[in-house]
Amino acid sequence: MENSRPLCPKVILEGTRLTKKTELAFTLRDHPRFAGARRYRYHLPLVSAEWSGLTNEAWGPSLISFPPEHEETVLETYRTWVRLFELHRYYTWVVDRFHLSTAVHQQRHDRTFDVEWIERRLRPLGFAVVLCTRTPESFPDAREERLRVSANPVQYDDLDVFVREQDALRKAAASSALPVLELDVTGRSEAELADEVTDWYASRKLLQLEH
């Protein structure tokens with residue numbers, strides 16, 4: 001039997017808080033047209049720059065929110081992730097926030113984070129960015145829904161922070177060297193959003209690698 005090329009899309013989900021990024025990440029990972037039909041569940045990687053494993057503290061610094069003293073560790077971590085993606089180029093990768101979120105957060109603190117080298121290496125692998133957004137007036141309802149399950153509700157006190165971050169992420173995405181889909185999540189289910197992302201990937205021929 002002739003082997004067909006595997007589905008191996010690679011997506012970076014960017015967006016501020018309350019924009020369904022993580023919910024969409026899990027939905028895409030199990031979407032039969034995005035990641036392939038499966039008769040049983042097996043490992044498909046879902047990784048995130050939001051992981052706060054740089055220090056031994058709850059809600060500590062992440063690859064996004066790191067202070068200057070952790071910069072070299074953060075850069076080494078990004079180099080490690082990118083190299084892993086290169087070594088496993090024929091696999092599906094779902095990334096819940098990555099380099100654009102880092103650049104925007106660091107810029108807010110008057111620090112520069114270079115994303116050019118990251119994107120230069122990710123583009124040949126078929127990575128694309130899905131920027132999840134919502135209308136400014138929909139943030140209060142999204143917050144109320146999140147507060148039912150959040151273990152750290154104080155982070156949602158000031159919604160203006162999220163609106164400003166969303167604007168900054170739009171600017172960062174507009175300058176990205178990767179293909180970008182802006183996805184309005186307002187009032188839409190994760191299944192609808194996953195279908196739109198999959199259709200967009202298919203139209204861009206990003207579900208498989210040609211080489």
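Note that this is a predicted model, so its numbers are computed, not measured.
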*Indicate the atoms forming the closest heavy-atom contact of Val180 with Ala173, along with that distance.*
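Distance-wise, the nearest heavy atoms are CG2-O, 3.6 Å.
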*For Arg83 and Glu86, what are the C-alpha separation, side-chain angles and deciding distance, and is it a salt bridge (Lys or Arg N to Asp or Glu O under 4.0 Å)?*
CA-CA 5 Å; Arg83 185 57 183 148; Glu86 290 173 334; 3.2 Å; yes
As an exercise, state the distance from [atom1] of [X] to [atom2] of [Y], rounded to the nearest 0.5 Å.
X: Phe34; Y: Leu28; atom1: CZ; atom2: CG; answer: 5.0 Å
X: His31; Y: Leu193; atom1: NE2; atom2: CG; answer: 10.5 Å
X: Arg33; Y: Asp195; atom1: CZ; atom2: CG; answer: 5.5 Å
X: Ser52; Y: Phe66; atom1: OG; atom2: CZ; answer: 15.0 Å
X: Leu209; Y: Arg5; atom1: CG; atom2: CZ; answer: 8.5 Å
X: Thr77; Y: Trp51; atom1: OG1; atom2: CH2; answer: 11.0 Å

_Checking ring pair (Phe, Tyr, Trp, His ring centres under 6.0 Å) between Phe98 and each of Trp93, Tyr78, Trp81, which is the one that passes?_
Tyr78
No-hydrogen, no-angle side-chain donor-acceptor test under 3.5 Å, [X] and [Y]:
X: Ser138; Y: Thr135; answer: yes
X: Glu190; Y: Thr27; answer: no
X: Gln106; Y: Thr112; answer: no

Check [Y] with [X], please: is the shortest side-chain N to carboxylate O separation under 4.0 Å?
X: Glu76; Y: Arg79; answer: yes
X: Glu165; Y: Arg108; answer: yes
X: Asp167; Y: Arg170; answer: yes
X: Glu71; Y: Arg111; answer: no

*asked:* With a 6.0 Å cut-off (strictly less than), is the heavy-atom count around CD of Glu145, excluding the residue itself, greater than 12?
replied: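 Atom CD in Glu145 is not crowded, with 12 or fewer foreign heavy atoms closer than 6.0 Å.
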*Test log, rule side chain to side chain donor-acceptor pair (under 3.5 Å), inputs Ser65 and Ser62*: CA-CA 5 Å; Ser65 62; Ser62 68; 3.2 Å; yes
*Between Thr133 and Asp184, is a side chain to side chain donor-acceptor pair (under 3.5 Å) present by the stated rule, with each step listed?*
CA-CA 5 Å; Thr133 62; Asp184 186 353; 4.7 Å; no
If Ile, Leu, Val, Met, Phe, Trp and Tyr residues are connected whenever their side-chain heavy atoms lie under 4.5 Å apart, and connections chain through other members, are [X] and [Y] in the same group?
X: Val129; Y: Val94; value: no
X: Leu18; Y: Leu100; value: no
X: Phe85; Y: Val115; value: yes

Output a table of donor-acceptor pairs, distance under 3.5 Å, between side-chain atoms of residues 156-163 and any protein atom two or more places apart or on a different chain; print 'none' if there are none.
{"unit_1": "Tyr156", "atom_1": "OH", "unit_2": "Arg146", "atom_2": "NH1", "d": "3.0"}
{"unit_1": "Asp158", "atom_1": "OD1", "unit_2": "Asp160", "atom_2": "N", "d": "3.1"}

*Answer yes or no: is there a donor N or O on one side and an acceptor on the other, between the side chain of Lys205 and the main chain of Ser203, under 3.5 Å?*
no
*Would you say the side-chain atoms of Lys20 pair up with the backbone N or O of Cys132, donor to acceptor, closer than 3.5 Å?*
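It does not hold such a pair.
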*With sequence neighbours left out, write down each residue that passes side-chain contact (heavy atoms from CB on, under 4.5 Å) with Asp141, or none if nothing qualifies.*
none
